[in-house]
Protein chains: 2
Amino acid sequence: MSRGSGTTQLRLRADRYSAVQLRIVRAALELFALHGVSGTSLQMIADATGVTKAAVYHQFKTKEEIMLAVAEVELARLETALDSAEDATSDAHARALLLEEVIGLAVERRRWVHALQNDPSMIRLLSEHEPFLDLMNRLYSVLNGEDATTETRVRTAILSAAFGGAVVHPLVVDLDDETLKAELTRTARRIFDLPDE
Amino acid sequence: MSRGSGTTQLRLRADRYSAVQLRIVRAALELFALHGVSGTSLQMIADATGVTKAAVYHQFKTKEEIMLAVAEVELARLETALDSAEDATSDAHARALLLEEVIGLAVERRRWVHALQNDPSMIRLLSEHEPFLDLMNRLYSVLNGEDATTETRVRTAILSAAFGGAVVHPLVVDLDDETLKAELTRTARRIFDLPDE
DNA sequence: GTCTATATGAAGATAGAC
DNA sequence: GTCTATCTTCATATAGAC
């Protein structure tokens with residue numbers, strides 16, 4: 001299958017960050033999930049990392065750079081999953097592979113995925129950066145298939161929202177990862193009219 | 001059907017606000033949806049309302065009071081819908097009534113509902129206020145029914161996330177309200193195994 | 001009920017020593 | 001690479017005049 005929306009593919013580069021930078025990114029991700037991006041200050045990130053604000057600024061010039069690094073590191077797994085799915089031999093196989101990986105990612109990293117997917121600052125920033133838009137378009141292409149009818153698009157939107165929203169819902173917070181994955185998979189198959197395998 | 005989780009019911013009071021206060025609330029709601037709660041300052045709310053910051057503080061003592069007013073006004077329709085549903089003659093009828101109203105609310109007020117449902121500051125604040133917790137418990141009771149199995153809870157969580165998340169998804173932004181409502185209703189019936197009527 | 005003016009603190013960001 | 005110290009701007013919030 002073809003990759004990306006254009007001729008050249010815009011890749012994320014989650015491997016470009018040093019060990020120190022990754023410590024900052026992990027602290028920021030946790031705080032973003034707890035307080036939202038706007039509700040998280042550089043002072044909070046510095047404290048959680050165990051360094052001063054100035055040290056954080058030495059690693060990242062602006063808060064936006066931290067946000068991009070957080071998104072890049074967190075979405076690396078999604079990109080890998082897309083690579084595999086696009087190498088699949090059929091559309092149906094690609095979709096099944098991708099669904100499994102996306103559900104796993106959404107469940108295992110529930111709180112973080114939800115924060116990244118719903119924070120207004122993050123949404124705005126990512127929408128201004130081609131590699132992220134490209135990634136999302138690849139995702140929707142595989143899930144929707146070639147013929148994106150209104151019904152298909154709504155179903156994909158519901159799935160996407162469910163993966164990023166239902167996983168942190170109060171009604172399911174006490175469910176373990178495996179149970180939640182199994183239930184999400186069943187519901188996804190029901191929505192998409194897929195066989196139970 | 002019985003109302004609330006306890007003996008006395010904790011009601012929202014959307015009617016307690018004056019005309020001036022409602023102007024502030026509407027401006028705040030719009031800004032919350034655009035920038036998130038943490039990303040919205042009282043200065044921004046004052047500017048959007050057309051008054052000074054001090055005038056806003058005369059109406060609401062703190063930012064939290066504005067947040068509560070915004071939630072109260074926006075959720076009034078949900079409370080009305082719950083009242084009707086709980087007066088229904090059967091559980092199935094109650095659920096069908098409520099689903100229709102909740103879908104209508106989520107679609108017609110997509111951006112605002114999404115903001116209120118997913119903002120970390122708003123979530124934290126509402127979780128500390130009984131009337132809102134009570135409202136949510138009533139909602140889940142009707143949707144889940146009496147026997148809340150794991151499967152039921154996951155389905156309800158997915159529906160809830162879908163109503164508050166899918167409706168603002170990039171894949172469906174260009175759909176008009178009626179189309180989106182119809183598609184959401186079909187998918188909800190599919191998830192819950194309800195007949196197409 | 002709204003205004004101007006202000007207090008106090010914390011935000012993002014930088015300079016320069018070590 | 002990290003620190004202390006500082007700059008500027010903006011945050012929430014209040015005092016008091018009209």
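Just so it is clear: chains get the letters A, B, ... in the order the sequence lines come, proteins before strands, and each one is counted from 1.
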Quick one: does any side-chain atom of [X] pair with a main-chain N or O of [Y] as donor and acceptor, under 3.5 Å?
X: A:Arg16; Y: A:Arg13; result: yes
X: A:Arg155; Y: A:Ile191; result: yes
X: A:Ser160; Y: A:Thr156; result: no

B:Glu100 bridged to B:Lys181 by N-O distance under 4.0 Å: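 Answer for the salt bridge query: no.
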
Close approaches to DNA chain C from residues 37-57 of chain B, in residue order (heavy atom, under 4.0 Å):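 Residues of residues 37-57 of chain B under 4.0 Å from DNA chain C: B:Val51, B:Thr52, B:Ala54, B:Ala55.
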
With sequence neighbours excluded, residues passing ring pair (Phe, Tyr, Trp, His ring centres under 6.0 Å) with A:Tyr140: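 For A:Tyr140, the residues satisfying ring pair (Phe, Tyr, Trp, His ring centres under 6.0 Å) (neighbours in sequence not counted) are B:His169.
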
Validation row: B:Leu180, B:Val167 side chains within 4.5 angstrom (heavy atoms):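 With C-beta onward as the side chain, the pair touches.
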
5' to 3' contact window, DNA chain C with chain A (heavy-atom distance under 4.0 Å): C:dA11 to C:dA15

Transitive ILVMFWY side-chain link B:Ile123 to A:Val37, under 4.5 Å: no

